[in-house]
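Just so it is clear: chains get the letters A, B, ... in the order the sequence lines come, proteins before strands, and each one is counted from 1.
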Amino acid sequence: MTLTVYNTLTKKRESFQPLEPGKVRLYVCGVTVYDLCHVGHARSAIVFDVIYRYLKYRGYQVTYVRNFTDIDDKIIKRANEEGTDYRTIADRYIAAFHEDMDALDVLRPDLEPLATDNIDQMIHIIRRLEEKGIAYQAGSDVYFSVEKFPEYGKLSGRSLEDMMAGARVEVDPNKKNPLDFVLWKGSKPGEPAWDSPWGPGRPGWHIECSAMGNRFLGPTFDVHGGGKDLIFPHHENEIAQSEAAFGVPFVRYWVHNGFVNINNEKMSKSLGNFFTIRDILKSVHPETLRLFVISKHYRSPVDFSDEALAETERALVRLYATLEDADRRAPDTGGDPPHEKALMAQDKDLFEKSRNLPDHFRDAMDNDFNTAQAIGHLFEVQRALQRFLDSFGRKKLKGPAAFLARQAAETIQEHAKVLGLITRTPEAFSRQIRQIKIREKGLSEAQVHDLIAKRDQARKAKDFAEADRIRDQLTAMGVQLEDTPEGTRWRVH
RNA sequence: GGCGGCAUACCCAAGUGGUAAGGGAGCGGUCUGCAAAACCGUUAUUCACCGGUUCGAAUCCGGUUGCCGCCUCCA
């Protein structure tokens, strides 16, 4: 079994062979820090977080680099609007980005370099390109001459002629070819500037990834990722710069995630149809957003809506509920693990599904990170486990039965963790989700407890009319009751 | 205009030529004072449409229709 990965460069699924066996060098384009992140950014971060986790689970030693673009026109514009400097804006949104990612359980990459900490490397690459006659200075700017790189267009699958025909390119009198792109931008007075052989200026957008990739991962590295919208021109230009400068292949596998859509349209700043991560997390548990995003293959579009999120949350609640049930009813009482035969005798279906999960999970994920299929396998075990628990009525499980249930719960949890799911205890999850809902609905916990206590009294007195009246009242508030032998439980929905 | 992607049940969704995973919702039942939750049963002879290749196609090839994306900042 080998891991296969869809490579945008070849438009095929290929078996994954890193440059150096056992090690993976992974670079993902981060965000431009001029505003809060939206759900589209979350998808990219979550997708590559899962890839990062899975590669590690698969035994690779991974070096994961994700940059911050901390200097660009939008940041400068924002700084001007607020009467502050670019650094203040960049630092503020880097902090906000980290808060959002931490909330989503997105692991920190091994390195998170800033563009502005790598200006020397960028200048170095631009000089090499200049020496080779591939870059040229025009006024205070430096451009990359696309005609000097014969393979230009190989990633996005278009030729220079195709692109010329598009003719949507702005005509810039400085450019020899309208498709040439800027490597270095001379600064106007008052703009942030760095010294360079071409005078004070700042880097073009594309050069930073070439510089940081080269510096931290070497001239050729294994995986470069980002959203599909970066294929052209960003990644195309990165290839051109890097390969022209260093004469070796830049990246072995290009991996691009699909968009988050709203009403079948791409979520984006310019369309204005976006939700920020923190906005969504006001009404939805972070794990719900994670599960939602990875319920679909990473290259397909995913349509975002309240209803879709609510569906996902119901599924997640159920998964946690089964694990909680197993925890409570199949406690670890010590002793030697029973023989396989004894376990199989308890429930062949659960035993087999649970035993096969590692292989099934791995097969799914090896198939170009098919998280949707992997999640399907997780739910198969969950269902079998819940059925097994239910077959005992309300009794606690003992001996081999308890062991089997615990084992199934553990294997679910272990594999969910590779997806960054089920990372908390069921109790913590219930508490968090309840808090989110209570806050959202503006309810008071004390008030709910009070009403439940009154209803319990009425029930004890067999005054079911009164008990039902109170329950209806709670239902109207969005509180759902569940009477169990251990008392009444409640959820907000 | 150029390039690319997608179309699977009521909804979301996996499906890597060998006979349609999984989730949500609905309906019937079990449980319950009644509910809720959970469980059991049930919901695609069929994968947008038309041809073709093959013993065999949701999967491969050609065409048609519809939707989307990139070609400008964009995850």
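- Across every strand in view, G1(B) sits in a pair with C71(B) that passes the Watson-Crick or G-U test at under 3.5 angstrom.
- Taking atom C1' on both nucleotides, U19(B) is separated from G51(B) by 23 Å, rounded to a whole Å.
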Provide a list of protein-nucleic acid N or O atom pairs under 3.5 angstrom, restricted to nucleotides 37-42 of chain B.
residue: A38(B); atom: O2'; partner: Asp390(A); partner atom: OD1; Å: 3.1
residue: A38(B); atom: O2'; partner: Asp390(A); partner atom: OD2; Å: 2.1
residue: C39(B); atom: O4'; partner: Asp390(A); partner atom: OD2; Å: 2.8
residue: C40(B); atom: OP1; partner: Arg387(A); partner atom: NE; Å: 2.1
residue: C40(B); atom: OP1; partner: Arg387(A); partner atom: NH2; Å: 3.1

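- At the phosphate of C70(B), OP1 or OP2 sits under 4.0 Å from a side-chain N or O atom of Lys266(A).
- Base pairing annotation: C6(B) forms a Watson-Crick or G-U wobble pair with G66(B), both donor-acceptor distances under 3.5 Å.
- Residue ring and base: Phe464(A) counts as stacked with G33(B) (centre distance below 5.5 Å, interplanar angle below 30°).
- No contact: Ile231(A) has no heavy atom under 4.0 Å from any strand.
- Glu236(A) has its CD atom 16 Å from the P atom of C3(B), to the nearest Å.
- Rounded to a whole angstrom, the distance from the P atom of G22(B) to that of G41(B) is 12 Å.
- Taking only distance into account, the side chain of Arg43(A) never meets the base of A75(B) through a donor-acceptor pair shorter than 3.5 Å.
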Check the interface with nucleotides 63-67 of chain B: list each N/O to N/O pair with the protein under 3.5 Å, or write none.
residue: C67(B); atom: O2'; partner: Asn264(A); partner atom: ND2; Å: 2.7

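- Note: CD1 (Ile51(A)) to P (A75(B)) measures 17 Å, nearest angstrom.
- Figure legend. C39(B) is base-paired to G29(B); pairs are counted as Watson-Crick or G-U wobble with both atom distances under 3.5 Å.
- A straight line from CG of Asp325(A) to P of A36(B) spans 18 Å, rounded to a whole angstrom.
- More than 12 heavy-atom neighbours from other residues, nucleotides or ligands sit within 6.0 angstrom of NZ on Lys11(A).
- Remark: the separation of the C1' atoms in U8(B) and U45(B) is 15 Å, to the nearest Å.
- Both distances falling under 3.5 Å, in either a Watson-Crick or a G-U wobble arrangement, occur for no nucleotide opposite U59(B).
- Taking 3.5 Å as the limit, the base of G33(B) and the side chain of Arg459(A) contain a donor-acceptor pair of atoms between them.
- Using P as the reference atom, C61(B) and G17(B) are 12 Å apart when rounded to the nearest Å.
- Within the 3.5 Å criterion, the main-chain N or O of Trp254(A) finds a donor-acceptor partner in the side chain of Asn7(A).
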Write down the protein N/O and nucleotide N/O pairs, taken from nucleotides 11-15 of chain B, whose separation is under 3.5 Å; answer none if there are no such pairs.
residue: A13(B); atom: OP1; partner: Lys296(A); partner atom: NZ; Å: 2.2
residue: A14(B); atom: OP1; partner: His297(A); partner atom: N; Å: 3.2
residue: A14(B); atom: O3'; partner: Asn370(A); partner atom: ND2; Å: 2.7
residue: A14(B); atom: O2'; partner: Gln373(A); partner atom: NE2; Å: 3.4
residue: G15(B); atom: OP1; partner: Asn370(A); partner atom: ND2; Å: 2.6

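- Taking atom CG of residue Leu309(A) and atom P of nucleotide G23(B), one finds them 19 Å apart after rounding to whole Å.
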